[in-house]
Amino acid sequence: MRMKNEVDRRLFLKWANLVGIAAWFQPVAASGPNPLQDAKPVHPRNTPQARGLPSPETILLKDYRPKSIYKISVTEIDKAKYPIIDMHSHPYAKTPQRIEEWVKTMDEVGVQKTVILTMATGIEFDDIYSKYSKYPDRFEMWCGLDLSGYDKRGFGPAAVKELERCRQAGARGVGEIHDKGNGLVSGRSKAPGMHPDDPRMDAVWERCGGLEMPISLHVADPIWMYQKMDKTNDGLMNAYHWRLDNKPNIVNLPGMIDIFDRTLAKHRGTTFIACHFANLDYDLARLGEMFDRNPNLYADISARYAETAPIPRFASKFYEKYANRLVYGTDMGFDKPMYRVTFRILESLDEHFYETEQFDYHWSLNGFGLSDEILKQVYHDNAATLLAARTGHAGYSK
């Protein structure tokens, strides 16, 4: 009986909106007032459109900005619980004044050091390095790779030579190197069709290991970008802007993970940091298997807070199991609200909140409530151990 009433209710609402109540219902012969007959008509001036509001039928997904109605705790965390080493940022600040502002922000939110992934070589790297060298204890510069000549016979020696030059100029690691399925990219230097496991890259990866320069490697992109852009795509709002499903000759996400796995196995003496959970935020168990097989692998958590916050219980268990392999990162600029929303997700147990300024998904977020021990590892200690492992580079105390 309840199911029938529900069906009747849905039909009532549907037809009432389309053709009006009076056209669907016959007069009811009963004593007492008839709610259908006595209902007051809706005048055009009372409609949402007449009041300057958009009709629900015309709201676009890109404009959807829900607000939580739940009266539950809201945790504001101005400063991280433990000092942070941010392992994934970029040279967002372009002037000495802006760099100084960044340092002040780092002091306020609790960031001890930021790794700047320049993706650059040559004069471009040297220029970025000179701008940030005023704060050697606060910023660490990583260079890119020169991939020019990748399609010519004898590729490798020149790339290694420039890598060594950047190391002498102050680079302490390599990154961020991208391959979203079309081939390796380092800033403006591109190698279409050449992936990390390509034999042409072997000498470069090996030399990175010899120079004790960890590699920040971005493989693939979130799974939603490869899926059809239709009503079944869970992350459509964000995925559409970064879509890869319509790109020709592209290796999909599982294929890129297989390529990365082979690269890790071939170069055990080289440390790789997989950016953004290796984009396995949707399949953390697969990332765990990679950790189990590859002791030379770490992963940063940058720019994937919104992708993991919808699954707080599963994600927090993953953090617990692999607490010694995850490092903090941002990759989202350097304003204070950006840092603080990451603290809220990692430290609090807040539920069902939205963050549309930093993230472009329509789903709600939840806090992980990580323990003090895990927070200390992810915020600081894992990165400190990784960076201090480089010969002659001290200063990252636990």
Side-chain angles (χ1 to χ4, degrees), residues 84-103 105-106 111-150 158-180 183-191 196 201 204-205 207-209 211-219 270-276 298-303 327-335 338-339 383 386-387 390 393 396:
I84 283 176
I85 298 175
D86 184 346
M87 290 292 291
H88 190 137
S89 194
H90 297 288
Y92 299 113
K94 306 300 182 183
T95 66
Q97 293 76 20
R98 292 289 281 164
I99 294 172
E100 184 179 357
E101 290 176 22
W102 193 349
V103 172
T105 295
M106 290 166 60
V111 176
Q112 179 187 90
K113 181 178 283 285
T114 297
V115 172
I116 303 292
L117 306 177
T118 70
M119 302 182 285
T121 57
I123 296 175
E124 184 181 5
F125 172 78
D126 296 345
D127 180 58
I128 297 171
Y129 185 88
S130 67
K131 289 179 180 178
Y132 285 83
S133 60
K134 182 180 177 181
Y135 303 96
D137 296 330
R138 308 307 299 277
F139 296 105
E140 178 169 305
M141 300 293 111
W142 290 20
C143 66
L145 294 174
D146 181 1
L147 301 172
S148 60
Y150 78 97
V160 168
K161 184 177 180 180
E162 176 57 20
L163 174 69
E164 293 172 340
R165 190 204 70 80
C166 287
R167 177 67 177 81
Q168 288 295 319
R172 302 298 300 165
V174 174
E176 174 184 7
I177 310 302
H178 293 79
D179 188 348
K180 298 183 178 183
L184 290 165
V185 177
S186 177
R188 288 188 279 269
S189 186
K190 300 180 180 180
M201 288 299 298
V204 179
W205 300 142
R207 190 59 182 136
C208 287
L211 292 170
E212 297 181 322
M213 300 175 74
I215 301 157
S216 180
L217 188 61
H218 178 137
V219 292
T270 303
T271 299
F272 289 86
I273 304 168
C275 301
H276 322 305
Y298 289 79
D300 79 42
I301 65 175
S302 68
V327 295
Y328 178 88
T330 52
D331 192 29
M332 298 181 289
F334 62 93
D335 65 310
M338 178 278 295
Y339 289 109
L386 188 157
L387 299 179
R390 300 172 302 191
H393 192 66
Y396 292 95

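Considering every non-hydrogen atom in both Ala169 and Phe125, the closest pair reads CB-CE2, 4.1 Å. A pairwise comparison of heavy atoms in Ala171 and Arg167 identifies O-CD, 3.2 Å as the closest pair. Residues Thr114 and Ser89 come closest through the heavy atom pair CG2-CB, 3.5 Å.
By the 4.5 Å heavy-atom criterion applied to side chains, Asp86 and Met106 are not counted as neighbours. Within the 4.5 Å cutoff, the side chain of Phe272 has no heavy atoms near those of the Val174 side chain. Contact annotation: the side chain of Cys275 never approaches that of Leu217 to less than 4.5 Å [non-hydrogen atoms, C-beta and beyond]. Side-chain atoms of His88 and Ile273, non-hydrogen and from C-beta on, never get closer than 4.5 Å to each other. When side chains are defined from C-beta on, Phe139 counts as touching Val103, because their heavy atoms get closer than 4.5 Å. At a threshold of 4.5 Å between non-hydrogen side-chain atoms, the residues Leu184 and Tyr150 do not count as touching. Side-chain contact check for Ile301 versus Tyr328: some heavy-atom pair is nearer than 4.5 Å. Residues Met213 and Arg207 fail the side-chain proximity criterion, which asks for heavy atoms closer than 4.5 Å.
A side-chain donor-acceptor contact under 3.5 Å links Ser189 to the backbone of Leu147. Using modelled atom types, one side-chain atom of His276 and one backbone atom of Ser302 make a donor-acceptor pair closer than 3.5 Å. A donor-acceptor pair under 3.5 Å links the side-chain atoms of Trp205 to the main chain of Pro196, judged by distance alone. Between the Arg138 side chain and the Tyr132 main chain, no donor and acceptor come within less than 3.5 Å of each other. Lys113 places a side-chain N or O within donor-acceptor distance of the main-chain N or O of Pro136, the cut-off being under 3.5 Å. In this structure, Arg390 contributes its side chain and Leu387 its backbone to a donor-acceptor pair below 3.5 Å. The backbone N or O of Thr95 sits nowhere less than 3.5 Å from a side-chain atom of Lys131 that would complete a donor-acceptor pair. Looking only at distances, a side-chain donor or acceptor of Thr118 sits under 3.5 Å from a matching main-chain atom of Trp142.
Rounding to the nearest 0.5 Å gives a distance of 12.5 Å between CZ of Arg188 and CG of Asp146. The distance from the CD1 atom of Ile215 to the OG1 atom of Thr270 is 5.5 Å, given to the nearest 0.5 Å. Atom CZ of residue Arg172 and atom SG of residue Cys143 lie 11.0 Å apart, to the nearest 0.5 angstrom. Rounding to the nearest 0.5 Å places CD1 of Ile84 at 8.5 Å from OH of Tyr339. A distance of 10.5 Å separates CD in Glu124 from SG in Cys166, rounded to the nearest 0.5 Å. Interatomic distance, Ile116 CD1 to Met141 CE, rounded to the nearest 0.5 Å: 4.5 Å.
By the 4.0 Å N-to-carboxylate-O rule, Arg165 lies close enough to Glu162 to be salt-bridged with it. Salt bridge annotation for Arg98-Glu101: present, with a cationic side-chain nitrogen under 4.0 angstrom from a carboxylate oxygen.
Side-chain rings of Tyr135 and Trp102 stay apart, their centers remaining 6.0 Å or farther from each other.
Residues passing the salt bridge (charged side-chain N to carboxylate O under 4.0 Å, His left out) test with Asp335, sequence neighbours excluded: none.
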